[in-house]
Structures are given as structure tokens and as C-alpha cells.
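Taking it in order: structure first as C-alpha cells, then the write-up.
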Amino acid sequence: MTHPQQGPRLDREDSPEARPGPGRPPRVVVGVDGSPHSLRALDRAADEAARRNAALEVLCGATTPRRSVVPETDTDRERARQAAREVAAGAAERARDRVPGLEVDPCGVTEAPADALVKASRDAELTVIGTRGHGGFRGLLLGSVSLRLAAHAAGPLMVVRGVEPGAVQGPGETVVGLKWAGATEPVAFGCAQAELDGSPVRVVHAWSYPAMPSLSLKLPPKEPSEETQRAAEFVREAVEPFRRRHPAVRVTTEQHQGATAEYLIELSAQARLVVLGVRREQRRLGLQVGPVVHSVLQHARCPVVLVPTD
């Protein structure tokens, strides 16, 4: 076994270059399309922006329907832009009602939602999107907004799931998955988040023995104990700097021998948040997330935050 290392500004330009650069105040970005699951994401994003003393950018992307023969016209583009602006403006009003005094910037663009959100994520403290919830993503097809963002968002991405039966009530834990020592960005995010929302943090390192097909491997009685101790020591040492950095946050560590995704999904039933690192993998069909992230996004019972580690 190994342990790896102000009022609505609807005349805003569509071009991403029109957005202020890194010197702008902190902001949270949320993608909306008027659907119930995007409005749940909007509510959570407004709360997160308030916790961070940040502005909230409400982003709606719209494109004109593709036509095989008739070319796109200026009228088509203007209709799409106006529809996006109306959705963004309505969502912004909802956010202002939820968090009075919150600075909210509605932005409707004529651009595919995933493309617009990927660009907006480059200088956002947090990007938030919603999913339908029960049953996971609708087919979880490659190219969906959620999966595209999971693979390409430049900063932390919060995926807010729909209301699940039996979902945890109250603060719950912030559960952080730690895969290897060199990828502690999820721990940093989880502790900072807990400092904002008051939740305790549980950092989990799951591991398993390498699969050995066709072999019935019988281990000496002491070997599992040695590996368990090594895993527990690994996660404690990796987390110690964050305990010192966030003394007000209660942080516990845990090693788990077994399948990572299944255990994190089990913990999500009583969690406030699950935080995972995401290292994008270049494959034949482009950048993709790994199987653990994919499974947790499908089945978690609470919001999931993906933090880039590459």
C-alpha cells in the first residue's frame, strides 16, 4: 500500500475582457437559468458571498438555437441577450431579498453557460452551480455544464445538489478528502470555510491495498495494523499546519481502508459540505475529472466543492 504524496447593470459588455481583473473586490459567481435547481444554487451563493464580504455576480449565458440553413441574425442574438439579462435580473432581485445589503451584479451574456462560467471562475473566490439532486446529474453526459466546469473551472467550484430526502439539518461537518501530501488545497479551503460557517472539519484519507487479480493474498496479522498506523500518521502530519493556522476550527482526522468514493458518499449524508481536490486528466476527449470526483458528484447528499490542485 502507498500513501501518495447595486442596481442591476444590464448593459454590461458580453466580452470577458470587459470584466475587471484581479484587482477587483472579492466576488462569488453563480450560474442561473431560471430553473429550481439553479435558484437553490443562487440562495447558497448569496449566503456564501455574505460570509465572505464579497459581491455576488449572477451570470446567465444564452445562445441562439443552432440552425442548419438559416444563418444567425443580429435580431436572434439580441433576443438571446435580452432573455439572459431578464433571467439574471430576476435572480439578482431574489438574492437581494435573501441577503439585504448584498452587492449583486446581474450579468446576461450571449455565450454558452459553461464557457461563460469557466471564464468568470478565473478571478472568483468561488463559483456556484446547481444540479437537479435526487438521482444525480441528468445522465451526467460529457459536455454538460456541470461536468465541463468540474474539468475546467480555474478556482473552487461548489456544486449544490437538489433537496435530498433525509438530508442533514443543521450545520453538519465539512468533510475533506485528502489524497496525497502534496495536494492540501482542499484542506486549506475546508478550514477557511469552517472558520466562516462554524462547522467542524473532518479530514479523511482513504486507502486500499493494490488489487492482485487471481491471487488470494493472506497478510500477516500485524501488517494491516502497521498500514493503518502509517495512514493515520500521514493524515495527521498533513493537517497539522492547518490546525495551527485555524486554531478556532475543530479539526479531526481519519484514515479509512476501503473505497474512497463510497465512503465519502456515506459521510455526505450527515455533512454540510464535501470538499475534494481535483486534478484534471488529459484524455482522448479532453480534460476530465477522475472516477472518485465523478462518483461523489453523482451521489453525494450535500453540496460538493471541487478545489483545483494542479
Exercise. Between Phe242 and Val251, is a side chain to side chain contact (heavy atoms under 4.5 Å, CB included) present by the stated rule, with each step listed?
Worked result: CA-CA 9 Å; Phe242 300 96; Val251 182; over 6 Å; no
For this session: Apply side chain to side chain contact (heavy atoms under 4.5 Å, CB included) to the pair Val201 and Val187, showing each step before the final yes or no.
Result: CA-CA 9 Å; Val201 175; Val187 183; over 6 Å; no
Problem set entry | side chain to side chain contact (heavy atoms under 4.5 Å, CB included) between Leu126 and Phe189, intermediate numbers included | CA-CA 10 Å; Leu126 181 67; Phe189 182 94; 4.2 Å; yes
For this session: May I have the step-by-step check of side chain to side chain contact (heavy atoms under 4.5 Å, CB included) for Glu227 and Gln257, ending in yes or no?
Result: CA-CA 9 Å; Glu227 293 291 358; Gln257 182 186 354; over 6 Å; no
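Residues Leu59 and Ala120 approach most closely at CD2-CB, 4.0 Å, considering heavy atoms. Nearest heavy atoms, Leu178 versus Ala238: CD2-CB, 3.6 Å. Residue Val99 comes nearest to Ala50 through the heavy atom pair CG1-CB, 3.8 Å, listed as atom of the first residue, atom of the second, then distance.
No side-chain heavy atom of Pro186 sits under 4.5 Å from any side-chain heavy atom of Leu276. Contact check for Gln255 versus Thr228: side-chain heavy atoms found under the 4.5 Å cut-off.
With hydrogens and angles ignored, the 3.5 Å screen pairs a side-chain donor or acceptor of Ser268 with a backbone N or O of Arg301. Not one N or O on the side chain of Arg236 forms a donor-acceptor pair closer than 3.5 Å with the backbone of Thr253.
Here Asp33 contributes atom CG and Leu39 contributes atom CG; the two are 8.0 Å apart, rounded to the nearest 0.5 Å. For the atom pair OG1 of Thr174 and CD of Glu195, the computed distance is 12.0 Å after rounding to the nearest 0.5 Å. Atom-to-atom distance recorded for Thr110:OG1 and Arg81:CZ is 4.5 Å, nearest 0.5 angstrom. Between Leu297 atom CG and Ile265 atom CD1 the span is 9.5 Å, to the nearest 0.5 Å. To the nearest 0.5 Å, atoms CD (Glu173) and CZ (Arg202) are separated by 4.0 Å. Taking CD1 from Ile129 and CE from Met158, the interatomic distance works out to 11.0 Å, rounded to the nearest 0.5 Å.
Listed by chain and number, the residues in a side chain to side chain contact (heavy atoms under 4.5 Å, CB included) with Thr127 are Val29, Leu117, Ser121, Ala124, Leu157 (sequence neighbours excluded). With sequence neighbours left out, Ala206 forms a side chain to side chain contact (heavy atoms under 4.5 Å, CB included) with His256, Thr260.
Residue pairs meeting the side chain to side chain donor-acceptor pair (under 3.5 Å) criterion with at least one partner in residues 42-54, sequence neighbours excluded, are Asp43-Arg94, Arg44-Glu48, Asp47-Arg98, Glu48-Arg51, Glu48-Arg52, Glu48-Gln193, Arg52-Gln193.
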